[in-house]
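Sequence lines set the chain letters: A, B, ... in the order given, protein chains first and strands last, and positions in each chain run from 1.
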Amino acid sequence: MSLNLKYAFREGYRGLSRARVATVITVSTVAVTLTLAGLFFFLMVNIGQTLGNLRSRIYLEAFLNDGLAAEAVRSLEEKIRRDSAVESILYISKEAALQRFQEEFGEDIQELIGENPLPASLQIRIHTQKGSVEEIEKIAAAVQIMDGVDEVVYHKNLIRLVREYGLIILAVGLGLFILLLFSSVFLIANTIRLTIHAQTRNIEVMKLVGATKAFIRRPYLIQGFLEGGIGGAIATGILLIAHVFLKSRFPGLFTFSLPVWPLPLVFSLFLGYAGSRWALKYFFKS
Amino acid sequence: MIDIQDVWYLAGGRPILCDIRLKIGRGEFVFVVGPSGAGKSTLLNLVHMAILPTRGRIRVADFDSSGIKPKDIPFLRRKVGMVFQDFKLLEDRDVYENVAFALWATGVPGRKIKKRVFQVLADVGLSHKRYTPIPELSGGEKQRVAMARALANEPFILLADEPTGNLDQESSRELMTLLGRIHRRGTAILMATHKEYEIDRKDARLIRLLEGKILP
Ligand SMILES: Nc1ncnc2c1ncn2[C@@H]1O[C@H](COP(=O)(O)OP(=O)(O)O)[C@@H](O)[C@H]1O
Ligand SMILES: [Mg+2]
């Protein structure tokens with residue numbers, strides 16, 4: 001058995017070196033695919049983190065009429081809270097608003113104009129998973145017409161960006177990634193097909209002398225693993241370098257701990273296996 | 001040991017072999033002669049089960065054409081050696097590697113391979129050319145390499161389909177002598193040829209095939 005494996009490895013390697021150009025193209029494609037996948041994954045995680053930060057800033061702000069009684073504010077809060085999409089409501093009094101303003105701008109406008117011009121408000125937070133833009137608009141419209149509410153404002157564009165473009169970016173990236181995966185598997189299968197075609201005489205002889213099907217197929221499976229694995233190793237190397245570089249340039253980036261690093265390699269072996277199975281199925285179907 | 005019972009083989013609706021009955025015993029030497037297109041190759045292909053009979057059945061040692069599974073065929077091939085008119089050697093490897101290939105391919109342990117290869121190469125008289133690349137050999141030498149490869153796994157029968165078809169007279173005679181030697185060691189031989197004049201063996205059985213039928 002151990003010798004047979006040695007033999008299978010040697011034949012698998014022979015396959016690689018015979019179809020040299022095709023092998024270089026295939027290995028490069030696998031490497032590029034997995035590098036892009038890795039970078040994309042990295043990007044997505046970071047975008048995800050950023051979006052998460054943005055999300056926590058999504059809220060509606062309902063400015064209240066001046067001089068609204070505490071009682072009226074409380075009943076208003078209760079009314080708004082009835083919508084299940086509402087997560088929390090924060091009451092900001094005129095005084096609190098003024099204090100915030102002063103913290104932000106460093107000026108005392110009360111002194112400047114003689115009175116506090118800022119209205120009291122309710123900050124209404126929406127559950128992040130719930131609520132399309134339309135739903136948020138609906139809540140805004142409903143709150144707008146409630147007694148005691150002067151005006152409702154919210155970051156419409158920010159909400160749109162987070163809710164919609166986030167998904168689009170994810171979908172496009174995922175589509176591209178799947179496309180590249182398929183081309184990798186296809187190219188691996190194609191290289192092995194080339195090798196098999198160049199070795200029809202060998203296969204004929206093997207059948208003649210009584211080699212089992214598993215024995216005949218093994219070198220090609222190994223060839224697939226090698227092609228995938230070398231591509232995966234290259235991708236891992238590039239990703240590690242990219243990681244070090246990005247971390248030094250952008251220290252704020254979210255980075256990965258050790259356990260994810262073998263993933264491209266594992267994935268590449270899987271690609272290699274899928275590619276060789278495909279080629280062998282095509283060749284040995286009769 | 002080989003028992004062909006009422007075998008028909010049809011291809012494209014046309015009978016290629018008709019009602020063949022033939023028994024070959026242990027260590028026999030059998031010639032199948034007949035003109036080109038008589039069905040000799042088809043008969044040999046049935047014996048190593050590259051094709052299966054349309055009707056009837058063939059038994060080769062423990063293998064039976066009526067119940068054989070594709071995964072059993074490799075094990076039949078190890079018991080039945082084969083040589084062909086066109087040698088079917090691996091042109092990019094040398095003599096040693098061609099013979100060793102058959103042993104590798106059938107899972108023989110590495111430490112046994114070298115000894116066995118040298119033994120069969122000695123049997124066919126090619127020890128001195130063991131590291132010669134195949135393209136540098138003469139036709140007769142190539143056929144002897146093929147023979148060594150066929151014998152490497154110690155088959156009980158050697159099937160030879162026009163083994164002298166690509167050889168000159170001198171090499172053909174040498175090859176027939178070699179076949180005789182292999183036969184004397186106890187290996188049965190089934191050889192197909194259209195050159196009846198090459199047959200000079202008194203101890204061999206001769207079967208005439210014409211248009212798919214065995215002549216009485
Ligand atoms: N697969 C096939 N399909 C159709 N005809 C075939 C097939 N195999 C062999 N034949 C025909 O069967 C006849 C016998 O062929 P073969 O066994 O090769 O004869 P031989 O070896 O005696 O020259 C030939 O006429 C050949 O054309
Ligand atoms: Mg023939």
Side-chain angles (χ1 to χ4, degrees), chain A residues 1-23 191-226 276-286, chain B residues 44-45 48-51 60-61 63 69-84 86-93 97-114 116-117 120 134 145-155 158-161:
Chain A
M1 193 61 210
S2 66
L3 182 99
N4 277 350
L5 267 186
K6 208 171 105 193
Y7 161 81
F9 263 100
R10 199 176 54 218
E11 292 297 314
Y13 179 74
R14 263 191 207 232
L16 282 191
S17 50
R18 283 226 179 93
R20 207 167 287 145
V21 177
T23 300
T191 322
I192 293 171
R193 214 133 59 189
L194 282 178
T195 317
I196 292 174
H197 273 293
Q199 297 186 342
T200 43
R201 179 39 78 92
N202 284 41
I203 293 169
E204 186 191 6
V205 170
M206 282 195 251
K207 286 180 178 167
L208 199 70
V209 299
T212 58
K213 197 171 152 190
F215 182 90
I216 296 172
R217 297 165 63 115
R218 205 171 294 142
Y220 302 109
L221 285 175
I222 287 174
Q223 187 183 343
F225 276 131
L226 286 175
S276 38
R277 282 306 295 260
W278 190 8
L280 288 167
K281 195 173 157 195
Y282 163 88
F283 194 78
F284 287 104
K285 66 178 170 226
S286 56
Chain B
L44 264 55
N45 286 338
H48 69 83
M49 301 197 192
I51 53 175
V60 179
F63 301 91
K69 295 188 190 70
K71 70 174 176 53
D72 298 329
I73 303 252
F75 300 95
L76 165 69
R77 301 281 164 84
R78 296 174 194 191
K79 295 276 144 227
V80 179
M82 286 177 280
V83 293
F84 300 89
D86 61 353
F87 320 127
K88 298 195 195 298
L89 296 173
L90 303 176
E91 297 282 334
D92 60 340
R93 299 176 197 215
E97 287 173 322
N98 264 272
V99 179
F101 190 82
L103 296 164
W104 283 328
T106 49
V108 174
R111 65 204 139 74
K112 290 189 180 163
I113 288 180
K114 199 166 184 176
R116 181 69 191 142
V117 175
V120 282
I134 299 300
V145 177
M147 209 90 93
R149 183 180 66 194
L151 295 172
N153 271 315
E154 304 185 291
L158 181 67
L159 308 182
D161 192 353

Using 4.0 Å as the upper bound for N to carboxylate O, is an ion pair formed by A:Arg201 and A:Glu204? yes
Side chain proximity check, B:Leu89 to B:Arg149, heavy atoms < 4.5 angstrom: yes
Would you mind reporting whether B:Val83 and B:Leu159 have side-chain heavy atoms less than 4.5 Å apart? no
Most heavy-atom pairs under 4.5 angstrom with chain A, which of B:Asn98, B:Leu90, B:Ile73? B:Leu90
Quick check for you: among B:His48, B:Lys71, B:Arg78, B:Glu91, which has the greatest number of heavy-atom pairs under 4.5 Å with chain A? B:Arg78
Is B:Leu76 close to chain A through its backbone or its side chain, or both, or neither, when contacts mean heavy atoms under 4.5 Å? neither
For B:Phe87, is it the side chain, the backbone, both or neither that has a heavy atom under 4.5 Å from a heavy atom of chain A? neither
Distance col, row B:Asn45:CG vs B:Met82:CE, nearest 0.5 angstrom, shows 8.5 Å
